[in-house]
Amino acid sequence: MLDIKLIRENPDFVVEKLKLRNEDTSEILKIQEIDKKRLEYIKKSGYLKEYKNKMSDEIGKIKAKKEDAADKIAEMKNVADDIKLLDEELKKLDLEIRNLLYYIPALPGENIPYGKSPEDNIEVRKLGETKKFNYKIRDHLELGKINDIIDFERGAKISGSGFPLYKGKGATLERSLINFMLDTHISRGYIEVITPVLVNRKSMEAAEKVPKFEEDMYRIEPDDLFAIPTAEVPIINIHRNEILKQDELPLKYCGFTNCFRREAGSYGKDTKGFLRVHQFNKVELVTFCTPETSCEETEKMLNDACYILDELKIYYRVIELCTGDLGFSASKCYDIEVWSYAENKWLEASSVSNCTDFQSRRGLIRYKKLLENRKTKTELVHILNGSGLATSRLMVALLEANQTGDGHVLVPKVLRKYTGFDII
RNA sequence: AGAGAGAUGGCUGAGUGGUUGAAAGCGGCGGUCUUGAAAACCGUUGAUGCCUUUGGUAUCCGGGGGUUCGAAUCCCUCUCUCUCUGCCA
């Protein structure tokens, strides 16, 4: 969530930034009005409470002397009622503001390319090699079928469409990819975690997935738990409501989880095979760092994700999202897209976002900042998340790019010690 | 799932109605001593909001509600943790 103080003190700046995202900014005005009222109530209630505290103290002293304080107690009864009414109003205003604030996205960072749609995103890098095939290539569905390594039909029988079943060498390849990615990230300074994949509402709120995106989430009704759409959610919440030490930052985690997305509203789009699924596997990267370092940490994380594709020898590109295409919580975002030879298009395999303090404010994740005069200040950390990477679309690119003329698939060299076989 | 116990600051842990925002210890930070370090000693050390900001004030003792002039302390409720029993990978 945004800082109410920023809206209070610098509303024009906020509106200007939100306009870059093509956001409706009328809510900001509403928030300002309610906030003004709220501050008045806070003051009034504060004064009354100060009086109450003083008088209660006096009553205590009078009673200690065994004297009569009936008239004072009678007066304070009324004051207590007034305070109660004020605080009830205050609570209502607070809730009103929060309910508006929860739907306002993060402000785009500085120097983010302006744009209205994905067409305005900017290609930053293109790496790897394109391949030339002198035979007719098969798409990942066909390759999955003829090698009996991915079975979408039976997955659908078990759960519904979009729940893939990996079999035989397909399952081994998937597991190998995950292990390879984890090992690589661990060796580059990330702490591995295995997290819960069902999380409570508070965790979803801190990650800014709820209430705005509640419809996109699988939810376990009787317990009010959510199936995570990404490991970003549980990993961020490792430190919810905590104050970290400055010298333990940057704190970097990596973790593999299954991810679950209802993909409500996207039916009929990219429905083929792995292109859009309800359950997929992903190794996630999360960094907690100081505001001063979040920009350079974003670049580092991007490199960490790219490194995986370099090693796998996959052809990919990096694009920087324009202001209009930024995700709800992100101030800056890079997407990594892998090339699909069969679909003849780029597929998003990773997204590396700097969410600055947008999530840490909601989840109260802070650190003790050391100041020059030996004092300390508690400040919100910046949180970055990135996929490193999701396997489903990577699998599309990998199978297609490494296919042989007779429908087999060569295993990338770096994976062979994990798979134990060279070819599928 | 049943029975019981508990939740207090970075940590351990005192505190059962009125200078307790909270003893004590540990840890952290600063200093004295020392060639340096350790030890010892001294000092210091929570968060958040609001305001007329070298300060004042309010709120916060798991969450929410209640009783009271006044609640960490009493009552209700929820959540979580631990112990025992049951069940189970």
Side-chain angles (χ1 to χ4, degrees), chain A residues 1-10 31-98 101 194-206 210 220-226 234 237-249 251 258 288 357 360-381:
Chain A
M1 63 193 268
L2 289 183
D3 187 2
I4 180 71
K5 236 183 205 163
L6 185 66
I7 294 175
R8 185 184 303 149
E9 286 162 11
N10 221 332
I31 290 175
Q32 276 183 280
E33 279 171 28
I34 303 169
D35 180 52
K36 220 178 245 172
K37 223 159 133 193
R38 189 174 147 268
L39 287 190
E40 275 174 37
Y41 277 71
I42 285 177
K43 270 189 236 171
K44 268 194 217 163
S45 159
Y47 289 139
L48 279 182
K49 280 175 187 165
E50 188 181 346
Y51 183 56
K52 179 198 81 175
N53 289 342
K54 271 186 192 144
M55 292 303 280
S56 295
D57 215 46
E58 271 182 46
I59 291 170
K61 279 174 190 156
I62 292 169
K63 287 215 160 178
K65 282 189 259 172
K66 304 248 153 109
E67 286 169 20
D68 181 51
D71 53 333
K72 285 206 162 82
I73 287 175
E75 187 201 345
M76 283 305 105
K77 226 172 207 162
N78 288 326
V79 175
D81 285 345
D82 290 348
I83 290 172
K84 204 171 165 186
L85 282 174
L86 270 176
D87 281 350
E88 270 167 25
E89 272 311 302
L90 197 53
K91 217 172 185 177
K92 270 188 218 159
L93 295 174
D94 225 55
L95 203 70
E96 268 181 67
I97 288 185
R98 291 193 152 250
L101 223 43
I194 297 177
T195 68
V197 292
L198 296 182
V199 301
N200 59 32
R201 183 170 287 275
K202 279 222 166 86
S203 293
M204 287 299 264
E205 284 171 349
V210 152
I220 286 90
E221 179 79 46
D223 302 293
D224 201 24
L225 290 171
F226 294 83
N237 279 279
I238 292 173
H239 295 298
R240 168 153 52 89
N241 257 315
E242 287 185 16
I243 298 173
L244 304 169
K245 289 180 185 139
Q246 184 165 1
D247 57 19
E248 61 184 337
L249 302 175
L251 195 49
N258 302 117
F288 299 85
D357 58 10
S360 55
R361 182 170 299 109
R362 190 90 178 269
L364 270 186
I365 305 173
R366 297 168 292 178
Y367 75 103
K368 278 257 189 250
K369 182 182 186 145
L370 304 171
L371 301 175
E372 285 172 16
N373 49 4
R374 286 194 224 106
K375 286 189 175 161
T376 57
K377 192 184 156 200
T378 321
E379 190 171 77
L380 296 169
V381 297

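Chain letters run A, B, ... following the sequence lines, proteins first, then strands; residues in each count from 1.
Taking A:E221 as the reference, A:R219 meet the salt bridge (charged side-chain N to carboxylate O under 4.0 Å, His left out) condition, with sequence neighbours excluded. Here A:Q246 pairs with nothing under the side chain to side chain donor-acceptor pair (under 3.5 Å) rule; sequence neighbours left out. Every residue meeting the salt bridge (charged side-chain N to carboxylate O under 4.0 Å, His left out) condition with A:D57, not counting sequence neighbours, appears here in chain and number order: A:K61.
Atom CG of A:D3 and atom CG of A:D357 lie 7.5 Å apart (nearest 0.5 Å).
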N/O to N/O distances under 3.5 Å, protein versus nucleotides 67-71 of chain B:
unit_1: B:C69; atom_1: OP1; unit_2: A:K77; atom_2: NZ; d: 3.3
unit_1: B:C69; atom_1: O2'; unit_2: A:S56; atom_2: OG; d: 3.4
unit_1: B:G70; atom_1: O4'; unit_2: A:S56; atom_2: OG; d: 3.2

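The side chain of A:N53 places an N or O atom within less than 4.0 Å of a non-bridging phosphate oxygen (OP1 or OP2) of B:A58.
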Go along nucleotides 49-54 of chain B 5' to 3' and tag each nucleotide: B for a protein heavy atom under 4.0 Å from its base, S when only backbone or sugar atoms are that close, - otherwise.
-> -SS---

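Environment of CD1 in A:I194: sparse, with no more than 12 heavy atoms of neighbouring residues, nucleotides or ligands closer than 6.0 Å.
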Show which side-chain atoms of residues 196-205 of chain A pair as donor or acceptor with protein atoms under 3.5 Å away, not counting sequence neighbours.
unit_1: A:N200; atom_1: OD1; unit_2: A:K202; atom_2: N; d: 3.4
unit_1: A:N200; atom_1: OD1; unit_2: A:S203; atom_2: N; d: 3.0
unit_1: A:N200; atom_1: OD1; unit_2: A:S203; atom_2: OG; d: 3.1
unit_1: A:R201; atom_1: NE; unit_2: A:D224; atom_2: OD2; d: 2.9
unit_1: A:R201; atom_1: NH1; unit_2: A:E214; atom_2: OE1; d: 3.2
unit_1: A:R201; atom_1: NH2; unit_2: A:E214; atom_2: OE2; d: 3.0
unit_1: A:R201; atom_1: NH2; unit_2: A:D224; atom_2: OD1; d: 3.2
unit_1: A:S203; atom_1: OG; unit_2: A:R240; atom_2: NH2; d: 3.0

For residues 36-44 of chain A, tabulate all N or O donor-acceptor pairs below 3.5 Å that involve a side-chain atom, not counting sequence neighbours.
unit_1: A:R38; atom_1: NE; unit_2: A:D94; atom_2: OD1; d: 2.6
unit_1: A:R38; atom_1: NH1; unit_2: A:D35; atom_2: OD1; d: 3.2

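Legend: side-chain hydrogen bond (donor to acceptor under 3.5 Å, both in side chains) pairs involving residues 66-89 of chain A, not counting sequence neighbours, sorted by first then second residue: A:S45-A:D87, A:K49-A:D87, A:Y51-A:E75, A:E89-A:K92.
Stem list for RNA chain B (at least 3 consecutive Watson-Crick or G-U pairs, distances under 3.5 Å): B:1-7 with B:79-85, B:10-12 with B:24-26, B:27-32 with B:40-45, B:46-51 with B:55-60, B:62-66 with B:74-78.
Annotation: of the two residues near RNA chain B, A:G46 and A:K377, the 5′-most nearest-nucleotide partner is A:K377.
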